[in-house]
Amino acid sequence: MISKKTMLVLLAMVLLGVIGACGTQPAPQTIVETVVVTKEVAGEKVVETVEVVKEVEKVVKETVVVEVPAAEAGDENALPRNETLYFNGQQWGPVVGWNPYSTSNNNAMAIANQQDNARVIMFETPYLYNMLDGKVYPLLADGDYEWNADRTELTFKVKKAAKWSDGTPVTADDVAYTWATHVKYGTPIGVANTDYIDDIIAQDPQTVVIKAKLDADGKAVNPLLVAAYVSTNYVIQKAWTQTLEDRVGGDATQLLADTAEDVVYSGPYHKFFTDDTKVVYVRDDNYWGQDASMWGKLPIPKYLAHTIFKDNAAGSVALAKGEVDVSQQFNSNVNLLWESYGLPISTYLPDPPYQIGASLPTAFYNLKSPGLDQVAVRKAIAMAVDYPTIIANAMTNQSATFEQAPRSLMNPTAGEQAMYDHDAVADLQWVGNDIEGAKALLDEAGIVDSDGDGWREYEGKNLHYVATCPNGWSDWQAAIEVVAAAGKEIGIDITTNYPEWSVYQTVVTKSDSPLPEGYDIFMMWSDGAGPTQPWGRIRKLLSSEFVGMAGNWNGNWGQYSNPDVDALIKAIPGETDPAKLKEIYTELVKIYLTDVPSFTLMYRPQSFHTVNETVWTGFPHDGDGTEPPVPPLDCTDGWSMACLYNLELVQ
């Protein structure tokens, strides 16, 4: 890579705003500096606008003519800046492999399926999910999928234009063989779906039929998860899979461990270069998607490059310098980058919460801890928490408030907010900081401080709890400290402890035994936006099916059990009447806000989509007029992939 001749002095100031999550806005410093920046575009003279802080303590713009030297001979990894889109926040550590059957590739940009919005730069799914409108759009598929009358079989066509990187057509046989391989070798995708999918067959070269697993009444066990399969899981070439099987001798362990350097793919990008500092993907100019039946052209950037930064701070500096175009990491006080320093950096929303909240980081109660088996104690703590402080400090206002998106089981997106009756649950919701209300609730329940030591008692013992989350997860730790402070305000002694993640995850995911001491209140995540939501999130927050699991990575880590809730959750996948679905979701929200087995602390984006438009423009922004709307998922996930076809060079 071409080295910078002169480093931008302004970056020292920018960094103060980026890495200081809870700090105040820094005042401009007096700097008199001539700025020269070398662009990474070989052999060109570039006119670039550079931000400089002058003695008058305001941000002004200067136009600087920059002479750009040609790339050094033999530097085969130098990339033309005007053809390369740079990322951060997805890849941490070197790539391990390219195997689409495996979940152990550490190849974040190329392989991320079995998630709500599959990443599709290299491997592709039949459909792309769009979190903004809740719809799926055909990719490898030709047109919409169709259910039979009983919703036991889902059928779709494969585009005739779809081709593999070796030039052979993508067929229904590839789809069917992909599924058969997942089942045969017990891959994570196979294990996760065999309870719901009975078989996937090729009816003819272009027609795929997915047969649902049926219950005792002949109905599909879960139509939601059957439909979700087609937008969350890759189609893998049958011929290459057979080559892989021969290479590993049919051994399941070796099949998943194979690095698949020879893999055949159908997407627009593939491996160009990778080492322990970066990974680069190059466009396949023969990509089938330029056909009129799909995108109609190639994606604009020739290269997608991801530098491997050591931490968020380093990534934030690179974003400020214009060395990163798309940032998928938490950049604290992100608004200072444009408000205080005038940098061409933006988020999907111009004002707080800046991003679209999709997941609900949640504090779970250990329901077997003395006193936490009482609803009054659980709700009082939740009511007393200072959520605005959590949102301001832990998230630096990159979260919707509970005034903006009232507390429920839904994320703040318009689609989910419309799925329950707000008026029916309004008297059960709280926004926090209600110290007097929390005290009154406890007093009414007879949970009082009878000996005057400052702490309330239940069954003769002071209420004392430990609140915890993984060490080093700074935004979560900031939230947990606020929870502890709330306890003290209402006479409940809550202390904090932060074990290492390696210990923490083994404890909270062991749902076949009671949680140990020190895990009275603890944080975990929830699902984001996806084709099974909000059902999938509610199931993982409340379903008792996960209680008793030795390795529970699904949810309900506080081991809540309510047969009425289980029945409502079970009814949703088979229900098609929107009015009845709204009734069910409203009832679930009522129960959740009444029983309070856990409580949401903030809303978190599906992705931290922050962009620098020094080199590229055309990124998704709220109200940008794209139709269908392109979601802010870093130009790689689900329908967000459309972003790569909308980009333009600034100069």
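What you see is a predicted model; the values in this text were computed from it and never measured. Along the sequence shown, residues carry numbers from 1.
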Over all atoms of both residues, closest heavy-atom pair of [X] and [Y]:
X: A384; Y: A438; answer: CB-CB, 4.2 Å
X: T495; Y: K488; answer: N-NZ, 4.5 Å
X: Y603; Y: G357; answer: CB-CA, 4.4 Å

- Would you indicate whether the side-chain heavy atoms of I381 and I494 approach each other to under 4.5 Å? yes
- Note on the structure: salt bridge (charged side-chain N to carboxylate O under 4.0 Å, His left out) filter on K570, not counting sequence neighbours, yields none
- Task: Would you please name every residue forming a salt bridge (charged side-chain N to carboxylate O under 4.0 Å, His left out) with D512, sequence neighbours left out?
- Result: K510
Are [X] and [Y] close enough that a side-chain donor and a side-chain acceptor fall under 3.5 Å?
X: Y229; Y: N193; answer: no
X: Q477; Y: Y498; answer: no
X: Y592; Y: S598; answer: yes
X: T636; Y: D634; answer: no
X: D520; Y: N366; answer: no
X: Q429; Y: S408; answer: no

Going by the angle between their ring planes, with limits at 30° and 60°, are [X] and [Y] parallel, tilted or perpendicular?
X: Y504; Y: Y519; answer: tilted
X: Y365; Y: F599; answer: tilted
X: W525; Y: W557; answer: perpendicular

Okay, side chain of [X], backbone of [Y]: is any donor-acceptor separation there less than 3.5 Å?
X: R604; Y: S359; result: no
X: N117; Y: A529; result: yes
X: N333; Y: L336; result: no
X: Q559; Y: S513; result: yes
X: T468; Y: N497; result: yes
X: N411; Y: T413; result: yes
X: N393; Y: T396; result: no
X: K213; Y: T194; result: yes
X: D116; Y: D527; result: no
X: D451; Y: D453; result: yes

- Starting from the C-alpha separation in whole Å, work towards a yes-or-no answer on side-chain contact (heavy atoms from CB on, under 4.5 Å) for I435 and I490. CA-CA 6 Å; I435 304 301; I490 59 174; 4.0 Å; yes
- F608 ring center within less than 6.0 Å of F330 ring center: yes
- Item | Y101 ring center near Y234 ring center (under 6.0 Å) | no
- Task: Evaluate the side-chain contact (heavy atoms from CB on, under 4.5 Å) criterion for residues L367 and D373: first the C-alpha distance (whole Å), next the side-chain angles of each, then the deciding distance (0.1 Å), finally the verdict.
- Result: CA-CA 5 Å; L367 301 176; D373 55 352; 5.8 Å; no
- Message: Just to verify, which of L409, I572, L568 counts as forming a side-chain contact (heavy atoms from CB on, under 4.5 Å) with Y585?
- Response: I572
- Message: Any salt bridge linking D637 with R119? Criterion: basic side-chain nitrogen under 4.0 Å from a carboxylate oxygen.
- Response: yes
- Query: Between D443 and R456, is there a salt bridge with N-O shorter than 4.0 Å?
  - Reply: yes
- Go through Y560 and L542 one step at a time and tell me if the side-chain contact (heavy atoms from CB on, under 4.5 Å) criterion holds. CA-CA 6 Å; Y560 172 73; L542 299 176; 4.0 Å; yes
- Task: Determine, stepwise, if the pair D195 / V221 fulfils side-chain contact (heavy atoms from CB on, under 4.5 Å).
- Result: CA-CA 8 Å; D195 286 343; V221 171; 6.0 Å; no
- Results of side chain to side chain donor-acceptor pair (under 3.5 Å) for S327 - residues two or more places apart only: N88, N331
Just how far is it from atom [atom1] of [X] to atom [atom2] of [Y], taken to the nearest 0.5 Å?
X: W476; Y: M602; atom1: CH2; atom2: CE; value: 8.0 Å
X: Q254; Y: D258; atom1: CD; atom2: CG; value: 8.5 Å
X: E545; Y: R539; atom1: CD; atom2: CZ; value: 4.0 Å
X: W430; Y: L593; atom1: CH2; atom2: CG; value: 5.5 Å

